[in-house]
S.K.: 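My questions all concern the structure below.
Proteins come first, then strands; the chains are lettered A, B, ... in the order of their sequence lines, and each starts at number 1.
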Number of protein chains: 2
Amino acid sequence: MNNIESQLKDKSVKPTAMRLLVLQYFTEQSKAVSLKDLENGLSYADKSTLFRTLKTFEESKIVHSIEDGSGVTKYALCLESCNCELQDLHYHFHCTNCENTFCLTTLNIPTIELPTNFKMNQANMVIKGLCANCNE
Amino acid sequence: MNNIESQLKDKSVKPTAMRLLVLQYFTEQSKAVSLKDLENGLSYADKSTLFRTLKTFEESKIVHSIEDGSGVTKYALCLESCNCELQDLHYHFHCTNCENTFCLTTLNIPTIELPTNFKMNQANMVIKGLCANCNE
DNA sequence: TATTCAATGCAACCCAACTGCAAAGTTTAC
DNA sequence: GTAAACTTTGCAGTTGGGTTGCATTGAATA
Ligand SMILES: [Mn+2]
Ligand SMILES: [Mn+2]
Ligand SMILES: [Zn+2]
Ligand SMILES: [Zn+2]
């Protein structure tokens with residue numbers, strides 16, 4: 001049993017052929033992945049299967065979703081230890097030139113002083129600008 | 001000439017009847033406004049006119065847009081001094097219960113140490129959880 | 001082997017965002 | 001004041017990401 005397969009089993013997700021391919025695809029990317037990216041990368045696969053695979057992966061905390069403001073939801077692999085709780089949150093960077101979105105996993109979200117009685121459970125923090133490639 | 005009208009002129013936006021009504025509507029809200037909200041609030045107005053009014057207001061920095069992850073873009077009035085630059089950015093709060101989105105105008109975005117050569121131009125920072133009303 | 005449940009593929013649907021175009025309204029030129 | 005030029009508005013339609021119903025296939029269980 002290879003690494004990809006055991007990752008799925010660890011998260012109690014049945015390792016079907018499709019799911020192994022999708023997870024494999026994620027490990028090969030250095031940027032966040034959209035449903036369209038998956039459709040292009042795994043062209044033999046059906047869109048709704050890929051969609052449901054993403055939802056399954058998200059629920060199982062194999063990936064987390066990113067709303068980068070491009071109108072397309074992106075997904076990226078969670079870190080080994082990630083439980084998608086407050087302490088696991090990090091910033092994301094969306095390049096307005098190449099449209100790529102990256103996890104800044106080393107940049108954790110600071111504690112934020114909310115107004116009285118507000119309760120923070122989640123966050124979607126997206127920095128926009130130029131990535132190293134696009135910023136000459 | 002009333003206050004609403006002069007606000008538009010200050011930003012070089014021709015104060016048509018429609019625009020005055022939309023800006024009036026904004027001043028009456030304590031939460032961020034969606035296109036659908038405007039359609040409901042100003043039912044006699046056409047959707048695409050309202051849509052284009054929002055775009056005009058956004059370009060003229062009368063309002064700023066918020067991607068709160070609900071799948072619907074929200075808009076809120078800019079502060080008097082706002083130029084929609086880095087120093088004007090603030091956090092937003094999206095209540096996952098009542099679905100309302102609020103500007104936390106007193107909470108400015110801190111400086112963030114980006115990876116080498118990355119350049120920050122904008123940000124969309126959304127905290128999710130329960131607002132004071134929904135958090136008993 | 002028969003039964004049951006989960007995953008997949010296909011074909012739609014939904015809906016927010018956006019656009020083309022003609023009509024109405026406003027500004028400018030003469 | 002009137003005609004031409006430009007802007008705004010209203011209507012109707014398109015686009016595209018996201019989502020769902022349902023039949024089929026495949027895997028697990030009895
Ligand atoms: Mn991430
Ligand atoms: Mn705001
Ligand atoms: Zn880039
Ligand atoms: Zn609330």
S.K.: In whole angstrom, what separates A:E39's CD from D:dT19's P?
M.R.: 13 Å
S.K.: Would B:H94 and B:T101 count as a side chain to side chain donor-acceptor pair (under 3.5 Å) here? Give the steps.
M.R.: CA-CA 4 Å; B:H94 177 70; B:T101 296; 2.8 Å; yes
S.K.: Could you tell me which residues satisfy side chain to side chain contact (heavy atoms under 4.5 Å, CB included) with A:E85, sequence neighbours excluded, listed by chain and number?
M.R.: A:N83, A:Q87, A:D88
S.K.: Taking atom CZ of B:F26 and atom OH of B:Y75, what is their separation to the nearest 0.5 Å?
M.R.: 8.5 Å
S.K.: Measure the distance from CD on B:E67 to P on D:dG18 and round it to the nearest whole Å.
M.R.: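 Spelled out: CD on B:E67 to P on D:dG18 is 12 Å.
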S.K.: Rounded to the nearest Å, what distance is computed from the CG atom of residue B:L20 to the P atom of nucleotide C:dT26?
M.R.: 12 Å
S.K.: Mind calculating the distance between CG (B:L23) and P (D:dT8) to the nearest angstrom?
M.R.: 16 Å
S.K.: According to a 4.5 Å side-chain heavy-atom criterion applied to Ile, Leu, Val, Met, Phe, Trp and Tyr, with indirect links allowed, do B:V33 and B:I66 form part of one hydrophobic cluster?
M.R.: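 Result: no, two separate clusters.
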S.K.: Mind checking what makes side chain to side chain contact (heavy atoms under 4.5 Å, CB included) contact with A:E59, not counting sequence neighbours?
M.R.: none
S.K.: Can you check the A:E99 CD to D:dG16 P distance for me, whole Å?
M.R.: 15 Å
S.K.: Mind calculating the distance between CG (A:L50) and P (D:dT20) to the nearest angstrom?
M.R.: 16 Å
S.K.: Go along nucleotides 7-22 of chain C 5' to 3' and tag each nucleotide: B for a protein heavy atom under 4.0 Å from its base, S when only backbone or sugar atoms are that close, - otherwise.
M.R.: SBBB-----SBBBBB-
S.K.: Keeping B:T27 on the side-chain end and B:Q24 on the backbone end, is there a donor-acceptor pair under 3.5 Å?
M.R.: yes
